Amino acid sequence: MRTGKLGVFCAFLTFCTIFAIASAHADLYWENENITKGIPRQPDGTRLQKNYFTKAAARIEPGDGNIFIVDYNAMTMYSLKPGEKTYSTMDLNEPIGVPSQLSGPDKEKMGKMMGEMMQLKITPTDETKVIEGYKCRKILANIAMLQGVYWVSKDVKGYDELRATGARVAKAMEKNPMLRQMNIAGMVEKLEGFPVYTVNTVMGGTVTSTLKKVEQKPLDPQLFKVPNGYSQKAK
């Protein structure tokens with residue numbers, strides 16, 4: 001995979017994960033401190049990532065100047081560049097990375113093949129420790145070229161609400177053969193906890209993420225819309 005597309009790919013995987021844990025009863029906001037080190041064509045450094053989730057939409061601000069919005073009902077992801085006031089779209093009904101010129105059966109077959117290559121593998125452990133005030137359990141989670149160590153906790157505010165919508169999201173993911181094969185919608189059930197501290201290794205580098213804040217509060221619906229004045233990039 002070309003490193004120039006790594007950011008979008010990781011954002012997409014993040015959204016796949018969050019699809020499985022989107023809030024069922026209350027809006028949810030949380031912050032992660034992300035430390036990137038040694039990833040090709042990405043600067044080392046520390047960023048604060050902001051995450052906004054409702055039962056209908058999601059918004060992630062990775063802290064690098066970009067914004068990602070997902071409309072669950074439309075199965076569309078919007079990638080915004082505020083500095084340029086531009087945005088692009090990704091149809092989540094379409095298999096990711098599959099050539100658009102392929103016919104329906106061929107597209108389904110290739111999407112399934114890619115999905116099998118990107119199967120999520122989760123290995124629980126019995127190791128526990130307290131991180132950021134939460135009692136956490138260590139989980140190994142690998143997908144494609146990402147090798148992750150996840151410390152998760154059931155004590156994080158909003159965890160029960162996050163897990164409650166897995167079935168609804170799993171049904172939505174049936175539209176995409178690749179996502180269906182990845183079985184992302186079952187990730188939280190397998191993790192059995194909210195990620196508090198994670199270390200993902202990719203392309204010889206690492207991204208370390210620490211949960212810093214969680215709030216259950218009403219979120220402004222405008223957060224999940226492309227602002228006026230933005231122009232759409234040609235595909």
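Bear in mind the structure is a predicted one, so any value in this text is a computation, not a measurement.
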Please examine the side chains of [Y] and [X], heavy atoms only from C-beta on, and report whether any two atoms are closer than 4.5 Å.
X      : Y      : answer
Asp64  : Arg47  : yes
Tyr230 : Pro82  : yes
Phe68  : Pro62  : yes
Asn200 : Thr198 : yes
Tyr159 : Val214 : no
Gln42  : Thr36  : yes
Phe53  : Tyr72  : yes

For Lys85, look at atom NZ and say whether over 12 heavy atoms of other residues, nucleotides or ligands are found less than 6.0 Å away. no
Taking atom NZ of Lys138 as the centre, does the number of heavy atoms from other residues, nucleotides or ligands within less than 6.0 Å exceed 12? yes
What heavy-atom pair brings [X] and [Y] nearest, and what distance separates the two atoms?
X      : Y      : result
Leu219 : Leu28  : CD1-O, 3.6 Å
Pro40  : Met203 : CD-O, 3.4 Å
Asp44  : Lys37  : OD1-CA, 3.3 Å
Asp27  : Lys217 : CB-O, 2.9 Å
Pro227 : Leu80  : CD-CD2, 3.5 Å
Val152 : Pro195 : CG1-CA, 3.9 Å

Please report the C-alpha distance between Thr89 and Met77 in whole Å, then the side-chain angles of each, then the deciding distance to 0.1 Å, and finally whether the side-chain contact (heavy atoms from CB on, under 4.5 Å) criterion is met. CA-CA 6 Å; Thr89 63; Met77 184 167 81; over 6 Å; no
Would Val196 and Val156 satisfy side-chain contact (heavy atoms from CB on, under 4.5 Å), going step by step from the backbone distance to the final call? CA-CA 8 Å; Val196 174; Val156 176; 3.8 Å; yes
Nearest-0.5 Å distance, [atom1] of residue [X] to [atom2] of residue [Y]:
X      : Y      : atom1 : atom2 : answer
Asp220 : Thr54  : CG    : OG1   : 11.0 Å
Tyr87  : Ile67  : OH    : CD1   : 14.0 Å
Thr206 : Gln147 : OG1   : CD    : 12.5 Å
Asn73  : Met75  : CG    : CE    : 10.0 Å
Tyr150 : Ile139 : OH    : CD1   : 11.0 Å
Trp30  : Lys50  : CH2   : NZ    : 15.0 Å

Taking the six-membered ring for Trp, are Trp151 and Tyr134 ring centroids under 6.0 Å apart? no
Indicate, with yes or no, if the rings of Tyr52 and Tyr29 have centres closer together than 6.0 Å. yes
Does the distance from a Lys or Arg side-chain N to an Asp or Glu carboxylate O, for [X] and [Y], drop under 4.0 Å?
X      : Y      : result
Glu127 : Arg137 : no
Glu84  : Lys233 : yes
Arg59  : Glu61  : yes

Is there a side-chain contact (heavy atoms from CB on, under 4.5 Å) between Leu48 and Asn32? Walk through the geometry before answering. CA-CA 6 Å; Leu48 184 68; Asn32 298 90; over 6 Å; no
Start with the C-alpha gap between Glu31 and Glu33, add the side-chain angles, then the distance that decides, and say whether side-chain contact (heavy atoms from CB on, under 4.5 Å) holds. CA-CA 7 Å; Glu31 296 178 355; Glu33 180 184 76; over 6 Å; no
Could you see if Tyr197 belongs to whatever hydrophobic cluster contains Ile35? Use Ile, Leu, Val, Met, Phe, Trp, Tyr and a side-chain cutoff under 4.5 Å. no
Ignoring hydrogens and angles, tell me if any N or O in the side chain of Ser153 forms a donor-acceptor pair with the backbone of Phe194 under 3.5 Å. no
Determine whether a donor-acceptor pair (N or O, by modelled atom type, separation under 3.5 Å) exists between the side chain of Asn142 and the backbone of Gly148. yes
Mind checking what makes side chain to side chain contact (heavy atoms under 4.5 Å, CB included) contact with Val130, not counting sequence neighbours? none
Can you tell me if Ser209 and Asn34 form a side-chain donor-acceptor pair at under 3.5 Å? yes
